[in-house]
Protein chains: 4
Amino acid sequence: MYIQSITTMSKKEQIFDTMLKLIAENGIYYTPMSAVAEKGHVAVGTIYHYFKSKDELLNALYLNVQRDLAEVLLNSVSDGVDIKESFKNMWVNLYRYYIDKSDAFMFIQRITPSNLISNEVKEECKLIYMPIVDFFYKAIMEEVFVNMNIQMMTEMFFASVSSVAQLQFLGGLEITEDLLNDAANAQLKAFVR
Amino acid sequence: MYIQSITTMSKKEQIFDTMLKLIAENGIYYTPMSAVAEKGHVAVGTIYHYFKSKDELLNALYLNVQRDLAEVLLNSVSDGVDIKESFKNMWVNLYRYYIDKSDAFMFIQRITPSNLISNEVKEECKLIYMPIVDFFYKAIMEEVFVNMNIQMMTEMFFASVSSVAQLQFLGGLEITEDLLNDAANAQLKAFVR
Amino acid sequence: MYIQSITTMSKKEQIFDTMLKLIAENGIYYTPMSAVAEKGHVAVGTIYHYFKSKDELLNALYLNVQRDLAEVLLNSVSDGVDIKESFKNMWVNLYRYYIDKSDAFMFIQRITPSNLISNEVKEECKLIYMPIVDFFYKAIMEEVFVNMNIQMMTEMFFASVSSVAQLQFLGGLEITEDLLNDAANAQLKAFVR
Amino acid sequence: MYIQSITTMSKKEQIFDTMLKLIAENGIYYTPMSAVAEKGHVAVGTIYHYFKSKDELLNALYLNVQRDLAEVLLNSVSDGVDIKESFKNMWVNLYRYYIDKSDAFMFIQRITPSNLISNEVKEECKLIYMPIVDFFYKAIMEEVFVNMNIQMMTEMFFASVSSVAQLQFLGGLEITEDLLNDAANAQLKAFVR
DNA sequence: AATGAATGAGCCTTCATTCAT
DNA sequence: CATGAATGAAGGCTCATTCAT
């Protein structure tokens with residue numbers, strides 16, 4: 001089963017990668033399954049062997065990307081390190097991930113305002129992001145951050161990173177290290193006591 | 001002819017309103033022209049009499065909404081009033097507009113990450129938002145705000161409002177007046193010296 | 001009525017001319033009534049004031065052109081002149097008409113194989129071409145032409161002129177005076193005893 | 001795979017046959033793809049699986065028919081046989097093909113004056129008809145035919161056959177064997193020295 | 001007589017999905 | 001597991017025609 005899983009993963013990975021890339025380029029509705037098949041060097045039928053529908057594929061892909069994002073954030077904090085420092089790490093690392101994996105960023109940007117993500121997947125995402133929520137919780141408990149609704153904080157946090165990444169991609173603004181620091185600092189200031 | 005002009009406006013308005021509502025409900029790609037026609041009580045051909053294509057209609061609608069948004073922001077600041085106060089007004093008023101005109105909010109959320117808005121319209125939007133840019137410029141000049149890239153500031157500003165509105169709409173979080181104040185204050189803190 | 005007829009003719013003429021030109025350029029089915037209206041500087045409703053339908057307009061236009069063609073042919077023969085000479089005049093003058101009025105030629109080429117011309121108009125055309133049939137009849141009676149079915153002769157006559165005109169227009173062959181003479185002579189030889 | 005290839009051919013053939021028949025009956029623009037699908041017992045999507053567009057289908061069909069025509073002509077001449085005899089064979093055989101395969105005839109009549117045939121296909125047709133051009137070339141070299149532009153001769157040849165076939169189909173003239181001979185002889189006379 | 005806004009049937013085409021191999 | 005031919009519902013758009021002014 002391990003061997004099989006490898007092979008399976010590889011086909012699935014191929015499909016995931018291709019769809020991510022195509023959606024980043026053209027958008028969800030200009031990415032037909034046939035194109036994913038062609039560019040991914042698999043048959044349409046093969047995609048439907050692994051995923052029940054386009055929706056399901058999109059949801060699976062979304063979950064995949066969210067797991068990556070959460071991992072990036074989690075790797076940015078460590079118990080010993082200063083909370084403010086950790087926050088800025090999170091901000092900057094998430095930003096860098098968005099830039100490095102621009103396909104993933106564009107995909108998330110595009111799928112989020114759609115109705116396509118199921119409630120099940122949304123719930124699963126909440127679980128995945130638990131540790132991040134925990135981080136904010138601790139920051140408040142330790143009286144580093146103001147006592148604000150955590151859900152709101154995390155949303156604002158994500159929104160700030162995304163907005164700067166968007167600027168870099170579409171806004172025609174070259175985001176230098178200085179600008180990056182400014183943005184991260186601003187967002188930190190928004191939350192500290 | 002004056003009467004006719006009124007009627008004409010009303011037809012276009014009818015189309016705009018219907019499309020806005022349907023996109024808010026179902027998304028751009030689940031809003032076929034035929035549905036706009038049906039729900040808007042006009043013939044498909046009539047829509048194409050006023051707009052060359054679905055794309056053009058979307059762009060026109062986008063511009064309409066952006067003008068409304070800019071007006072809301074502009075009405076939130078007045079020369080005599082304290083900059084910090086004005087900023088919070090802008091934040092809260094924009095938020096309230098999003099909540100009141102949730103269709104407009106959803107529409108903007110959905111069309112922004114798409115490729116559908118033409119560069120011409122984007123340029124026109126920049127002009128529309130000039131006064132807002134000016135506001136941030138003055139805030140920096142008067143040393144109320146930190147010296148940050150203004151484009152980045154405005155993006156972060158919009159992102160913060162949107163993220164909280166999103167929470168209200170999809171996140172299942174009831175945004176009370178207190179939460180609202182927290183968010184607006186946080187974003188203000190992000191920018192003040 | 002004469003004055004009125006002039007005005008009327010002028011509008012009708014405008015419509016005729018525009019439609020002829022547009023069909024020559026783009027073909028019947030790529031010539032919408034709206035285009036005829038726009039390029040002809042009349043309102044769509046105006047066209048429908050003069051013609052019951054697109055079909056009727058096409059039929060009227062067809063009849064117009066056929067009348068012109070018949071006149072050209074008729075003007076090519078005169079009682080005293082030698083039959084062979086007259087035939088060659090007809091051939092060459094028809095060809096020149098096709099070249100000069102290429103729009104009319106293209107229109108005829110395009111509408112003939114369609115089903116759009118009504119039987120009434122076809123019958124009327126037969127009447128118009130009576131004198132030409134007469135010419136062939138006399139040529140046979142006077143034993144200049146072979147005794148062939150006259151309808152067949154006229155069809156072959158028209159076909160030969162059209163085919164050479166077509167060559168000039170689409171075949172990329174420059175039809176010189178010599179080539180023209182060769183063709184006319186050949187077709188004459190086909191019919192003489 | 002051999003079997004499959006047969007099946008595939010049969011699907012394409014089905015589409016070709018149906019479209020030919022429908023265009024012969026109703027004309028190109030009154031032959032919607034949906035009708036081809038329905039009458040051809042295939043799904044619309046299937047047509048688009050084999051042909052990129054209606055245009056491409058028309059071009060492929062045109063090429064098919066032209067190949068048939070060229071073959072008919074080629075089979076009408078053999079090296080040993082008298083040139084005049086061969087010419088008359090070509091004329092009569094082409095005529096009979098038009099009568100037998102009236103759908104093909106009508107299709108060609110209708111598509112030729114349109115702009116729908118691409119230059120590539122036109123070029124390919126020229127290659128296909130090379131042997132026929134050769135025949136006329138030899139006829140001139142051997143001083144059986146007059147020294148006329150060959151392109152013009154072939155056009156006039158085709159035009160004469162078509163015009164007589166047209167008469168039979170639409171002109172209401174019953175073309176007897178005698179009439180046929182008259183026409184073929186006349187066209188021969190047009191070209192011989 | 002003249003206008004052109006309004007209509008909606010119908011066209012070409014796409015694409016998610018199925019299924020026989 | 002993998003393939004890709006086949007399906008047909010549905011979408012964007014056109015255009016002949018009508019009608020109120």
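Basis for what follows: all heavy atoms, side chains included, without hydrogens, waters or symmetry-related copies. The chains referred to below are lettered A, B, ... by the order of the sequence lines, with proteins before strands, and numbering in each begins at 1.
- Here the side chains of Phe107(A) and Asp103(A) are not in contact, with every heavy-atom distance at 4.5 Å or above.
- For the pair Ser34(B) and Ile47(D), both in contact range of DNA chain F, the more 5′-proximal nearest nucleotide belongs to Ile47(D).
- With a 3.5 Å ceiling on both atom-pair distances, the Watson-Crick or G-U wobble partner of dA20(E) is dT3(F).
- When each of dA2(F), dC13(F), dA16(E) is scored by its nearest atom to the side-chain atoms of Ser53(B), the top-ranked nucleotide is dC13(F).
- Remark: side-chain polar atoms of Asn59(D) are not paired, donor with acceptor, to backbone N or O of Val121(D) under 3.5 angstrom.
- Contact check for Lys122(D) versus Asn119(D): side-chain heavy atoms found under the 4.5 Å cut-off.
- The nucleotide whose nearest atom lies closest to any side-chain atom of Val42(C) is, among dA5(F), dA16(E), dT3(E), dT3(E).
- Here the P atom of nucleotide dT18(F) and the NZ atom of Lys52(C) are 11 Å apart, to the nearest Å.
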Practice task
Before giving the answer on side chain to side chain donor-acceptor pair (under 3.5 Å), spell out for Asn26(B) and Arg110(B) the whole-Å C-alpha distance, their side-chain angles and the decisive distance to 0.1 Å.
Solution key: CA-CA 10 Å; Asn26(B) 312 312; Arg110(B) 289 189 152 149; over 6 Å; no
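- The listed nucleotides are dG8(E), dA2(F), dA16(F); the one nearest the side chain of Tyr50(A) is dA2(F).
- When both distances must be under 3.5 Å, the Watson-Crick or G-U wobble mate of dA1(E) does not exist.
- With DNA chain E read from its 5' end, the first of the two nearest nucleotides for Met33(A) and Val44(D) is the one closest to Val44(D).
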Practice task
Please report the C-alpha distance between Phe16(D) and Tyr50(D) in whole Å, then the side-chain angles of each, then the deciding distance to 0.1 Å, and finally whether the ring-ring contact (aromatic ring centres under 6.0 Å, His included) criterion is met.
Solution key: CA-CA 11 Å; Phe16(D) 276 146; Tyr50(D) 289 107; 9.6 Å; no
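- If you take CG of Asn26(B) and P of dG11(F), they are 11 Å apart, rounded to a whole angstrom.
- To the nearest angstrom, P of dT18(F) lies 12 Å from CD of Glu56(C).
- If you measure from atom NZ of Lys54(C) to atom C1' of dA16(F), you get 8 Å, rounded to the nearest angstrom.
- Sequence order on DNA chain F of the closest nucleotides to Gly45(D) and Thr46(B) puts Gly45(D) first from the 5' end.
- Distance, Tyr29(C) OH to dT14(F) P: 19 Å, rounded to whole Å.
- A close approach under 4.0 Å does occur between a side-chain nitrogen or oxygen of His49(D) and OP1 or OP2 of dA5(F).
- With rounding to whole Å, Glu38(B) atom CD is found 13 Å from dG12(F) atom P.
- In this structure, Ile28(D) and Thr31(A) both approach DNA chain E, and ranking their closest nucleotides by distance from the 5' end singles out Ile28(D).
- Listed nucleotides dG8(F), dC15(F), dT3(F) differ in distance to Pro32(C); the shortest reach to its side chain belongs to dC15(F).
- At whole-Å resolution of the value, OH in Tyr30(C) and C1' in dC11(E) are 11 Å apart.
- Tyr48(A) has no side-chain polar atom (N or O) that falls below the 4.0 Å cut-off from OP1 or OP2 of dG4(F).
- Atom NE2 in His41(A) sits roughly 12 Å away from atom P in dT3(F) (whole-Å rounding).
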